[in-house]
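Every heavy atom of this structure was used, including side-chain atoms; hydrogens, water molecules and symmetry mates were not.
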Amino acid sequence: MEQLLDREPTSQQVNPTVAQLAADLQALARSGGLRTWHLGGRELIPVVQGGMGVGVSAGSLAGTVAGFGGVGTVSSVDLRRMHSDLMAQTGRLDKEPDARAQIDAANLVALDREIQRARSIAQGRGLIAVNVMKALSAYEMYVRQALHSGADAVVVGAGLPLDLPDIAKDHPKTALIPILSDARGVQLLVRKWEKKGRLPDAIVIEHPRLAGGHLGAAKVSDLQDPRFDFENVLPQVLEFFKTSGIEGQIPLIVAGGISSRADIVRLQALGASAVQMGTAFAVTAECDADPAFKHVLADARPEDIVEFISVAGLPARAVRTPWLDKYIRIEPKLQAAAHVKKKCNMSFDCLAHCGLRDGMVGIGQFCIDQQLGHAMEGDTNKGLFFRGAGNLPFGRDIRSVHDLLQWMLADVRPPVPSH
């Protein structure tokens, strides 16, 4: 954990040769038959790094991906964990009447630090996005901080961000990108936003059967619904754009189960502009989480990956580690004993609606911030390790972001590392 605290960009991270590598990746993509795409006035490689909390995708990972000409994403939630001074100020707060206000303030400082760190590493290339879950109690504060700190894009999932155009009305140049899972959700959001005078700058279409973390379905049994299949969603959305007179104005970014250039070729043929990947970036050398975190994800077999209902009330997908295995086993007892708590376990009410704090029967009964924090720190016994369902490009190997992008854009597989 100490290596993650108060870090500054190294000379290697801002090496000017990265600019040439970024140009080479764009050329590789185009020569291999892939389309680059445009957002925020920039030409980008067709790979987006998804947001992963707590602290899994912070300034290091987001800045590195952007530096190579992609979209790098900082996950906004509880980033004070990445900074020893902020944790010293707030880590022991408990029953103080202003505990939540102090923790929220520390997290806004941390978010600004990580955005600036990402921008420093990216050196003006690519785009820096910030992911904010709609389900967070501090959702609006995080969005406003991201805008104030100069993020190029704000990405919102875990709920319909119908209010995002209002919050960002003074920032017309910042790209606004909702995460949705089916054509119906796209139609609803676009029509609501149109009335506010703004269209999404792009839309992430995330498949809940394939993605990791919180999933865009009402319940676990819905994850297999064919309405989420890209072959169904993309044509439906594109037809809606056409009949609405907005054809060609909103790029679609497809997320879930993507691990090869062939996947990008197939999805671009269906009308996608780019793909978003989470787990594959979580196991790169530049990912902000502890090395043990990366190995839990990389070593997981298909039978180790399970779905359950999170405390946010959404289906979620993660690796069956000792903590999660025990939780799933005793969940019925926890559900039976669910009751409203006097206070949030972590004293800052990270979720607007929390199954544990609010005693909501039928949804998760654990502290998600605490368990994700353990995972980021590499505690394999106590952590909750979100993971996508697909295979990883390099199996159990931890490789660099550049290696991953070369593989995704040009089928260039790097040499096997010597151990």
Exercise. Are the charged groups of Arg100 and Asp98 less than 4.0 angstrom apart, N to O?
Worked result: no
Exercise. Looking only at atom types and distance, does a side-chain atom of Gln371 sit under 3.5 Å from a main-chain N or O of Lys382, one as donor and one as acceptor?
Worked result: yes
Problem set entry | Asp288 with Arg81: basic N within carboxylate O range, under 4.0 Å | no
Exercise. Side chain to side chain contact (heavy atoms under 4.5 Å, CB included) between Glu286 and Phe281: does it pass, once the steps are laid out?
Worked result: CA-CA 8 Å; Glu286 294 89 346; Phe281 281 108; over 6 Å; no
For this session: Assess whether side chain to side chain contact (heavy atoms under 4.5 Å, CB included) is satisfied between Val401 and Leu61, documenting all intermediate values.
Result: CA-CA 8 Å; Val401 166; Leu61 179 57; 3.8 Å; yes
Exercise. Does Leu252 reach the side chain of Leu238, with side-chain heavy atoms less than 4.5 Å apart?
Worked result: yes
Exercise. Does Pro226 offer a backbone N or O that forms a donor-acceptor pair with the side chain of Asn232 under 3.5 Å?
Worked result: yes
Exercise. Taking the side chain from Ser120 and the backbone from Gln116, do they hold a donor-acceptor pair closer than 3.5 Å?
Worked result: no
For this session: Step through the shown structure and confirm whether more than 12 heavy atoms of other residues, nucleotides or ligands are within 6.0 Å of NE2 on His38.
Result: yes
Problem set entry | Asn391, CG atom: more than 12 neighbouring heavy atoms under 6.0 Å | no
Exercise. Can any side-chain N or O of Thr73 pair as donor or acceptor with the backbone N or O of Gly50 at less than 3.5 Å?
Worked result: no
Problem set entry | Qualifying salt bridge (Lys or Arg N to Asp or Glu O under 4.0 Å) pairs with a residue from residues 221-238, counting only residues at least two apart or across chains | Asp182-Arg227, Arg209-Asp229, Lys219-Asp222, Asp225-Arg227, Glu231-Arg266
Problem set entry | Main-chain N/O of Ser75 paired to Tyr142 side chain as donor or acceptor, under 3.5 Å | no
Problem set entry | Any residue meeting ring pair (Phe, Tyr, Trp, His ring centres under 6.0 Å) with Trp193, in chain and number order, not counting sequence neighbours | none
For this session: Tell me, yes or no, whether the heavy-atom count around Lys326 atom NZ, taken from other residues, nucleotides or ligands under 6.0 Å, exceeds 12.
Result: no
Would you list the atom pairs, donor with acceptor, under 3.5 Å between side chains in residues 158-165 and any protein atom, with sequence neighbours excluded?
| from | atom 1 | to | atom 2 | distance (Å) |
| --- | --- | --- | --- | --- |
| Asp163 | OD1 | Tyr139 | OH | 2.9 |

For this session: Give me the one residue out of Ile203, Val71, Val204, Ile250 that meets side-chain contact (heavy atoms from CB on, under 4.5 Å) with Ile177.
Result: Val204
Exercise. Does Leu314 reach the side chain of Leu215, with side-chain heavy atoms less than 4.5 Å apart?
Worked result: no
For this session: With sequence neighbours excluded, give me every salt bridge (Lys or Arg N to Asp or Glu O under 4.0 Å) pair touching residues 30-48.
Result: Arg30-Glu43
Problem set entry | Pair Asp24-Gln20, side-chain donor/acceptor within less than 3.5 Å | yes
Problem set entry | Candidate pair Arg80 and Asp78, rule salt bridge (Lys or Arg N to Asp or Glu O under 4.0 Å), full reasoning | CA-CA 5 Å; Arg80 68 190 170 123; Asp78 206 14; 2.6 Å; yes
For this session: Heavy atoms only: give me the nearest His207-Phe228 pair and the separation to one decimal.
Result: CD2-O, 3.2 Å
Exercise. Does any pair with a residue in residues 293-302 pass side chain to side chain donor-acceptor pair (under 3.5 Å), and if so which ones, sequence neighbours excluded?
Worked result: Asp299-Arg396, Arg301-Asp304
Exercise. Does Asp397 use its side chain to pair, donor to acceptor, with the backbone of Arg399 at less than 3.5 Å?
Worked result: no
For this session: Name all residues meeting the salt bridge (charged side-chain N to carboxylate O under 4.0 Å, His left out) criterion together with Arg320; count only those two or more places apart in sequence or in a different chain, and write none if there are none.
Result: Asp325
For this session: In sequence, state the C-alpha distance, the side-chain angles, and the governing distance for Phe394 and Leu404, and then conclude on side chain to side chain contact (heavy atoms under 4.5 Å, CB included).
Result: CA-CA 8 Å; Phe394 304 124; Leu404 175 60; 4.2 Å; yes
Exercise. Quick check: does any side chain N or O of His339 sit under 3.5 Å from a backbone N or O of Ala337, one acting as donor and the other as acceptor?
Worked result: yes
Exercise. So, for Thr321 and Thr380, which heavy atoms are closest and what is the spacing to 0.1 Å?
Worked result: CB-O, 3.9 Å
Problem set entry | Distance (rounded to the nearest 0.5 Å) between Gln102 CD and Gln89 CD | 8.0 Å
For this session: Take Leu210 and Arg317, measure what side chain to side chain contact (heavy atoms under 4.5 Å, CB included) needs, and give me the verdict at the end.
Result: CA-CA 9 Å; Leu210 303 169; Arg317 180 171 290 113; 5.6 Å; no
For this session: Give a yes or no answer on whether the side chain of Ser149 reaches the backbone of Ala146 with a donor-acceptor pair at less than 3.5 Å.
Result: no
Problem set entry | Whether His214 and Phe386 hold their rings parallel, tilted or perpendicular, with breakpoints at 30° and 60° | perpendicular
For this session: Using atom types as modelled and distance alone, determine if a side-chain donor or acceptor of Ser57 lies under 3.5 Å from a backbone N or O of Gly51.
Result: no
For this session: Could you grab the distance from atom OG of Ser400 to atom CG of Leu405, nearest 0.5 Å is fine?
Result: 8.5 Å
For this session: Using a 4.5 Å cut-off on heavy atoms from C-beta on, say whether the side chain of Arg113 contacts that of Leu86.
Result: yes
